[in-house]
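Since the structure comes first, as structure tokens, the remarks are kept for the end.
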Amino acid sequence: MPDIMLCRVELLDEAIITVDLNKRAFGHHLLEHVLQHVNLREKEYFGLQFENEKGYKEWLEPLKPIKKQLKDAPHSFQFLVKFYAPHPTQLQDEVTRYLFCLQLRKDLLNGLLPCSVDTAALLASLAVQSEYGEFDPEEHDEATYLHSFSMLHNEPPEFITQVAGLHKAHGKLLPADADYRFVEECNKLSFCGIHCYPVTDKTGITIRLGVSHAGLGLFDGDLPHLVCRASFPWSRIKEIFFNRKKLSIVLMPSVQDLSQASTITFRLDRECACKIIWKNCVEHHTFFRRSRPELSASSGRDSSFFNRSMSHRYSGRTQKQIIDSAYNADGSRKPDVQFVRTSSLTREHFRVMSPQYSGSLLNLPPKMAAFRERRRTPSASNIANGSTPSSTSSPRSEDGAIATSPPQATLL
């Protein structure tokens with residue numbers, strides 16, 4: 001079928017789904033299909049990442065055709081956390097926190113989230129509590145029940161014993177509460193939620209440029225031994241732009257010298273690498289700093305964030321809009337998204353009800369979708385107590401495309 005494009009997506013639980021799309025499909029068609037499997041309301045925290053023809057990882061843009069972003073087969077993507085919330089209280093739904101846990105476990109295993117052995121043992125015990133529930137001496141033999149569970153590279157011999165001891169101490173802690181504590185403890189680590197890119201400074205030394213919810217950071221060394229050289233909050237950054245292989249950061253004038261702004265310039269191997277970093281800066285600044293995306297035309301001037309010659313628009317709600325959507329008009333909180341955790345010796349499925357997607361370019365599966373989850377809990381279902389927010393679905397056009405407003409791109 002020449003008009004069909006096969007896309008392969010790896011989910012956070014390592015399950016693989018394949019999607020048949022029309023070759024003219026846009027990025028949001030594929031993303032919406034993946035989101036059906038988890039019934040996510042706080043969907044803007046997540047994205048689809050792929051490796052381009054130059055070997056660089058970049059995020060799929062929802063408002064551009066897939067074929068223009070990834071021209072050659074295979075069309076392989078990873079469903080990952082794109083924007084790391086700085087605290088779990090900002091994540092309203094239990095399913096969102098659970099997916100954040102899966103992402104953070106990947107970061108720990110891949111060495112992207114360095115921590116001490118004691119911290120790793122605590123995090124591992126919380127992950128085990130979420131997977132297995134309360135420690136049961138009749139079912140959980142310390143010598144074997146954690147044999148296949150891994151949290152760190154080169155774990156010391158006593159690590160498993162330490163994890164099992166902490167697992168016992170958690171008692172009847174609910175899996176949802178274990179997920180919350182896991183995200184909370186991870187957010188205390190210095191490198192949590194930082195996207196690092198190798199760049200070359202003016203002296204020719206390779207350093208790391210980090211992009212996060214707070215701003216930009218410069219780091220010396222390599223993981224797991226990165227040392228922060230300098231950090232620049234978004235409020236101090238006036239402009240970011242790139243010209244071919246040069247990426248420049250213009251800082252606000254300092255208190256000591258109000259006469260002139262300083263500029264830091266980095267070199268990269270390719271122009272596309274500069275563009276990837278710049279786009280990530282655009283989207284992080286808009287998502288975490290803006291109250292809502294705005295049309296650039298409203299300012300009456302070119303407001304592209306931060307490039308003088310290009311325009312890139314974040315297509316989605318900001319974090320503030322996601323949090324605000326958690327409440328009804330009377331100020332009460334909307335109920336949490338419910339999902340079911342069922343016992344299984346290997347992988348369990350939690351099934352979610354999701355409305356049929358109306359995108360005309362999609363070849364969709366049935367309405368009920370199963371998202372595979374690797375856990376083993378003592379109860380048949382466990383729904384978080386209390387009510388948590390719901391996100392408002394984006395309006396659609398007649399052909400199923402998400403109708404979003406492009407953001408204003410100037411920096412406040």
Side-chain angles (χ1 to χ4, degrees), residues 1-52 57-83 93 95-96 98-100 102-103 106 283 314-317 322 337-340 347 349-374 390-404:
M1 295 171 34
D3 293 333
I4 297 300
M5 172 176 56
L6 179 65
C7 296
R8 177 182 180 274
V9 181
E10 179 182 340
L11 303 178
L12 280 166
D13 68 342
E14 299 181 354
I16 303 295
I17 63 172
T18 56
V19 184
D20 291 332
L21 296 175
N22 188 289
K23 287 187 175 180
R24 296 171 297 170
F26 284 69
H28 69 81
H29 290 118
L30 179 59
L31 183 58
E32 285 289 335
H33 183 94
V34 174
L35 292 172
Q36 286 186 100
H37 288 259
V38 288
N39 195 24
L40 272 177
R41 295 187 302 193
E42 300 170 287
K43 58 187 179 180
E44 285 82 5
Y45 286 106
F46 302 86
L48 293 173
Q49 193 176 69
F50 65 94
E51 184 175 303
N52 64 23
K57 297 283 189 179
E58 62 177 300
W59 296 99
L60 185 70
E61 294 187 39
L63 300 184
K64 286 187 177 181
I66 297 174
K67 290 291 290 183
K68 287 189 176 181
Q69 302 179 66
L70 186 58
K71 298 179 181 179
D72 300 323
H75 298 96
S76 298
F77 303 87
Q78 285 185 301
F79 180 70
L80 302 172
V81 172
K82 185 175 184 179
F83 302 113
D93 292 335
V95 63
T96 308
Y98 173 70
L99 292 175
F100 263 67
L102 294 182
Q103 177 66 67
K106 283 181 178 287
E283 295 177 346
Y314 166 72
S315 58
R317 296 175 302 168
I322 296 174
V337 169
Q338 297 183 356
F339 69 99
V340 179
R347 286 184 179 268
H349 298 258
F350 68 82
R351 295 192 302 169
V352 296
M353 292 296 294
S354 178
Q356 185 78 7
Y357 181 55
S358 60
S360 59
L361 297 178
L362 286 175
N363 182 6
L364 294 177
K367 187 176 182 179
M368 286 294 294
F371 177 84
R372 301 203 297 174
E373 174 190 46
R374 187 182 180 185
S390 166
S391 59
T392 307
S393 60
S394 301
R396 301 182 187 277
S397 62
E398 293 181 356
D399 63 353
I402 301 175
T404 56

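The basis for the numbers below is simple: all heavy atoms, side chains too, and nothing from hydrogens, waters or symmetry mates.
H75 NE2 to L48 CG: the interatomic distance, rounded to the nearest 0.5 Å, is 13.5 Å. Note that the CZ atom of R317 and the CD1 atom of I322 stand 5.0 Å from one another [nearest 0.5 Å]. With rounding to the nearest 0.5 Å, the separation of CD in Q78 from CZ in R8 is 9.0 Å.
For the pair E32 and K43, the minimum side-chain heavy-atom distance is below 4.5 Å. The closest side-chain heavy-atom distance from Y45 to L99 is not below 4.5 Å. Here the side chains of L80 and L12 are in contact, with some heavy-atom distance below 4.5 Å. Considering only heavy atoms from C-beta on, F46 stays 4.5 Å or farther from L31 through its side chain. Annotation: side chain of V9 is not in contact with side chain of I16 (no heavy-atom distance under 4.5 Å). E58 has its side chain within reach of F50: a pair of non-hydrogen atoms, C-beta onward, lies under 4.5 Å apart. Using a 4.5 Å heavy-atom cutoff, the side chains of L30 and I66 are in contact.
Of all heavy-atom pairs spanning P62 and F26, the tightest one is O-CB, 3.7 Å. When every heavy atom of S315 is checked against every heavy atom of L63, the shortest pair comes out as CB-CD1, 3.4 Å. The two residues K23 and K67 make their nearest non-hydrogen contact at O-CG, 3.2 Å. Heavy atoms only, all atoms of each residue included: K71 and K68 are closest at CE-O, 4.2 Å.
Counting only distance, with no hydrogens or angles, the side chain of Q103 and the backbone of V81 share a donor-acceptor pair below 3.5 Å. With hydrogens and angles ignored, the 3.5 Å screen pairs a side-chain donor or acceptor of E42 with a backbone N or O of D93. Between the side chain of Q69 and the backbone N or O of E61 there is at least one donor-acceptor pair closer than 3.5 Å. Checking side-chain atoms of N22 against main-chain N and O of R24 turns up a donor-acceptor pair under 3.5 Å.
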Worksheet item: For D20 and L6, what are the C-alpha separation, side-chain angles and deciding distance, and is it a side-chain contact (heavy atoms from CB on, under 4.5 Å)?
Response: CA-CA 5 Å; D20 291 332; L6 179 65; 3.1 Å; yes
Item to complete: Evaluate the side-chain contact (heavy atoms from CB on, under 4.5 Å) criterion for residues E44 and E283: first the C-alpha distance (whole Å), next the side-chain angles of each, then the deciding distance (0.1 Å), finally the verdict.
Response: CA-CA 11 Å; E44 285 82 5; E283 295 177 346; over 6 Å; no
